[in-house]
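Here the structure is laid out as structure tokens; the discussion comes afterwards.
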Amino acid sequence: MLDDAEIIAAVANDLPVGVWVARAPAGEFVYANRAFSEIMGMGARDDVVAGGYAEPYGICDRAGRPYPEAQMPFVRALVARATVVVDDIVIHRSDGKRVNVRAHARPLFHGDELSHVVIAFFDITREVAAERVRDDFISAASHELKTPIGALQMRVQWMLQQLGGGAPFGHTQVVGWAEAALRQVRRLGRLSETLLDVSRIRSGRIELRRDPVDLAQLLRDVVARVDDDLGGAAPPLHLEAPERLPGHADALRLDQVITNLLSNAAKYGQGRPISISLSHDGKLARLEVRDSGVGIAAADRERIFQPFERAVSPDSYAGLGLGLWIVQEIVSRMHGHILLDSQPGAGAAIAVEVPWQ
Ligand SMILES: Nc1ncnc2c1ncn2[C@@H]1O[C@H](COP(=O)(O)OP(=O)(O)O)[C@@H](O)[C@H]1O
Ligand SMILES: [Mg+2]
């Protein structure tokens with residue numbers, strides 16, 4: 001039979017939270033459980049006391065500096081004589097791993113005397129990484145919004161200036177201005193759809209319609225629109241497609257697939273020609289977009305279909321890392337698949353095959 005003390009010791013040792021206890025006020029080691037060693041990457045040290053914790057355990061702040069001894073959870077709990085929570089600790093483990101830690105330090109009292117401090121350590125590495133992804137996403141999304149809004153604002157200001165000047169304008173001129181403004185508005189519209197798609201996909205609320213669609217016509221329309229949107233920056237686009245390819249699908253979602261693949265080819269294609277082809281073998285429609293740009297390294301080929309994953313430097317190429325993820329979601333809901341072929345440095349070809357009759 002286990003006695004109560006043995007049961008409590010076993011439970012404490014098996015808790016999924018690191019527990020460490022030291023004597024107050026000097027900080028002599030008393031107890032640590034298994035999770036403590038797992039988090040720290042080493043067993044508890046009985047040869048270190050308060051004032052000397054940072055170095056042996058590799059305790060740092062988020063900037064990578066040794067954690068100030070006076071700010072250690074143990075010391076803060078002594079001073080506060082109450083539970084303190086510290087969540088900016090990063091353990092630089094001897095195996096090279098970095099672990100973000102949240103520590104709850106709780107003083108134990110014997111009468112009025114503060115006799116021990118019990119610290120619970122939580123591994124919050126994933127939480128911190130998710131926060132970082134969210135912050136990066138918000139800043140990338142704001143940046144993406146700023147570009148078309150800035151262009152639109154300049155365009156409208158310029159139009160007002162021209163119109164206020166009193167000079168007469170031809171119909172074609174005014175239509176030209178409105179069309180340029182419309183391009184920026186369409187870009188904003190697509191961006192807001194992309195942002196909405198994140199929550200639609202995450203909550204499984206993306207539903208595909210089945211309407212009559214001529215895929216060949218749709219492709220020609222999207223190519224013309226993307227070409228128009230890129231204006232002077234458009235690389236040569238070569239399109240090879242049958243006259244007609246009627247079937248049933250969600251035209252807006254297909255439009256989104258084609259738009260994403262084409263805008264990637266334009267963005268990462270280094271201005272070189274892009275070939276777009278559409279074919280049908282009786283069962284599957286195959287759409288391929290091929291560029292001769294930066295290409296995709298083998299190690300990145302799966303990852304880039306995950307949300308927020310990118311394989312280029314954000315300083316060189318702006319983007320949210322959502323395009324291919326959304327393409328993948330739509331295509332798999334159409335019971336199709338995606339094929340990727342790339343020579344890093346020599347371009348990428350991304351093909352989408354979907355059932356089509
Ligand atoms: N045609 C392409 N050529 C080279 N790299 C590409 C191409 N298309 C996509 N990628 C890579 O895949 C990543 C994810 O693409 P995507 O999801 O569309 O996001 P974004 O374009 O916003 O970065 C890109 O950041 C880029 O690294
Ligand atoms: Mg993209």
Side-chain angles (χ1 to χ4, degrees), residues 132-148 186-202 206 219 222-223 225-227 229-230 233-239 253-277 286-333 336-352:
R132 194 167 305 134
V133 167
R134 193 194 57 203
D135 292 349
D136 289 352
F137 173 64
I138 290 172
S139 85
S142 321
H143 187 83
E144 292 282 296
L145 282 166
K146 241 170 76 179
T147 315
R186 281 201 305 235
R187 195 167 157 193
L188 281 170
R190 272 198 305 279
L191 197 56
S192 66
E193 280 303 316
T194 300
L195 298 180
L196 283 171
D197 275 343
V198 176
S199 56
R200 287 192 192 117
I201 293 174
R202 287 250 154 102
I206 193 167
L219 178 60
V222 177
V223 171
R225 194 195 61 221
V226 171
D227 194 29
D229 283 352
L230 290 168
L237 302 175
H238 299 299
L239 174 61
R253 290 297 180 185
L254 276 174
D255 179 326
Q256 217 179 350
V257 167
I258 304 166
T259 305
N260 275 322
L261 295 182
L262 265 183
S263 54
N264 278 350
K267 179 155 53 162
Y268 305 113
Q270 300 182 305
R272 303 200 185 107
I274 296 170
S275 315
I276 306 135
S277 68
R286 178 188 168 90
L287 169 86
E288 187 188 82
V289 178
R290 179 180 290 273
D291 66 63
S292 305
V294 298
I296 302 160
D300 298 322
R301 282 177 205 161
E302 287 191 13
R303 176 172 79 77
I304 53 175
F305 290 93
Q306 298 298 315
F308 310 118
E309 291 287 350
R310 312 191 64 216
V312 286
S313 146
D315 298 332
S316 315
Y317 298 96
L320 299 175
L322 293 171
L324 289 181
W325 176 52
I326 293 172
V327 166
Q328 158 112 320
E329 283 294 322
I330 296 171
V331 170
S332 75
R333 265 158 218 263
H337 52 267
I338 299 176
L339 302 152
L340 170 68
D341 178 26
S342 175
Q343 297 294 325
I350 302 189
V352 164

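Each ligand, and each atom within it, is numbered from 1 in the order the structure gives. One is the number of the first residue; the rest follow in order along the sequence.
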### Message
Please check whether Trp325 reaches ligand 1 - meaning an N/O of the residue sits under 3.5 Å from an N/O of the ligand, judged on distance alone.
### Response
no

### Audit row: Asp291, Lys267, salt bridge (charged side-chain N to carboxylate O under 4.0 Å, His left out) steps and yes/no
CA-CA 10 Å; Asp291 66 63; Lys267 179 155 53 162; over 6 Å; no

### Task
Please say whether Ile296 places an N or O atom under 3.5 Å from an N or O atom belonging to ligand 1.
no

### Query
Side chain, backbone, both or neither: which part of Val294 has a heavy atom under 4.0 Å from ligand 1?
side chain

### Query
Is the backbone of His143 close enough, under 3.5 Å, to the side chain of Thr147 for a donor and an acceptor to pair up by distance?
yes

### Task
Taking only Lys NZ, Arg NE, NH1 and NH2, and the carboxylate oxygens of Asp or Glu, determine whether Arg200 and Glu329 approach each other closer than 4.0 Å.
no

### Nearest non-hydrogen partners of Pro235 and Gly271, listed with the distance
CB-O, 3.6 Å

### Task
Return yes when Gly293 approaches ligand 1 closer than 4.0 angstrom through a heavy atom, no otherwise.
no

### Task
Ignoring angles and geometry beyond distance, decide whether Asn264 reaches within less than 3.5 Å of ligand 1 through its nitrogen or oxygen atoms.
yes

### Task
Could you list which atoms of ligand 1 come closer than 4.0 Å to a heavy atom of Gly295?
4 (C), 5 (N)

### Task
Give the residue, atom name and distance (to 0.1 Å) of the protein heavy atom nearest atom 23 (O) of ligand 1.
Arg310 NE, 2.5 Å

### Expected output: side-chain Arg310 to main-chain Ala318 donor-acceptor under 3.5 Å
yes

### Task
Answer yes or no: does an N/O atom from Gly323 fall short of 3.5 Å to an N/O atom of ligand 1?
yes

### Message
Is it the case that the side chain of Arg290 and the backbone of Ile274 share a donor-acceptor pair, with hydrogens and angles ignored and the cut-off at 3.5 Å?
### Response
no

### Query
What's the spacing between Ile276 CD1 and Leu262 CG if we round to 0.5 Å?
4.5 Å

### Message
With nothing but distance in play, are any N or O atoms of Gly321 less than 3.5 Å from an N or O of ligand 1?
### Response
yes

### Residue and atom name of the nearest protein heavy atom (relative to atom 20 (P) of ligand 1), distance in Å to one decimal
Tyr268 OH, 3.4 Å

### Task
Considering only NZ, NE, NH1 and NH2 on the basic side and carboxylate oxygens on the acidic side, decide whether Asp197 and Arg202 come within less than 4.0 Å.
no

### Message
Using a 4.0 Å cutoff against the non-hydrogen atoms of Lys267, which atoms of ligand 1 qualify?
### Response
20 (P), 21 (O), 22 (O)

### Message
Taking 4.0 Å as the limit for heavy-atom contacts, which would you say applies to Leu322 with ligand 1: side chain only, backbone only, both, or neither?
### Response
backbone

### Test item: Leu261 and Glu288 side chains (from C-beta on) under 4.5 Å apart, heavy atoms
no

### Query
Is the shortest distance from a Lys or Arg side-chain nitrogen in Lys146 or Glu144 to a carboxylate oxygen in the other one below 4.0 Å?
no

### Message
Just to confirm my output: which protein heavy-atom neighbour is closest to atom 1 (N) of ligand 1, and how far is it?
### Response
Asp291 OD2, 2.8 Å

### Query
Atoms of ligand 1 less than 4.0 Å from Val312 heavy atoms?
25 (O), 27 (O)

### Task
Look at atom 27 (O) of ligand 1 and say which protein heavy atom is nearest, naming residue and atom and giving the distance to 0.1 Å.
Ala311 N, 2.8 Å

### For the student: nearest non-hydrogen atoms of Val257 and Ile330, plus distance
CG2-CG2, 3.8 Å

### Task
Using a cut-off of 2.8 Å, find all protein N, O or S atoms closer to the Mg ion (ligand 2) than that distance.
Asn264 OD1

### Query
When only distance counts, is Leu324 in polar contact with ligand 1, meaning an N/O pair under 3.5 Å?
yes

### Query
Mind checking whether Leu340 and Phe305 have side chains closer than 4.5 Å, heavy atoms only?
yes

### Message
I'd like to know if Arg303 and Asp300 make a salt bridge, using a cut-off of under 4.0 Å between side-chain N and carboxylate O.
### Response
yes

### Message
When you compare ligand 1 with Gly319, is there at least one nitrogen or oxygen pair between them that comes in under 3.5 angstrom?
### Response
no

### Under 4.0 Å to a heavy atom of Ile304 - the qualifying atoms of ligand 1, by number
12 (O), 13 (C), 14 (C)

### Query
Would you say Asn260's side chain and Gln256's backbone share a donor-acceptor pair under 3.5 angstrom?
yes

### Message
On a heavy-atom basis, which atom in Arg301 and which in Ser342 lie closest, and how many Å separate them?
### Response
NH2-O, 3.1 Å

#### Entry: atom 14 (C) of ligand 1: the protein heavy-atom neighbour that sits closest, reported with distance to 0.1 Å
Glu309 O, 3.5 Å

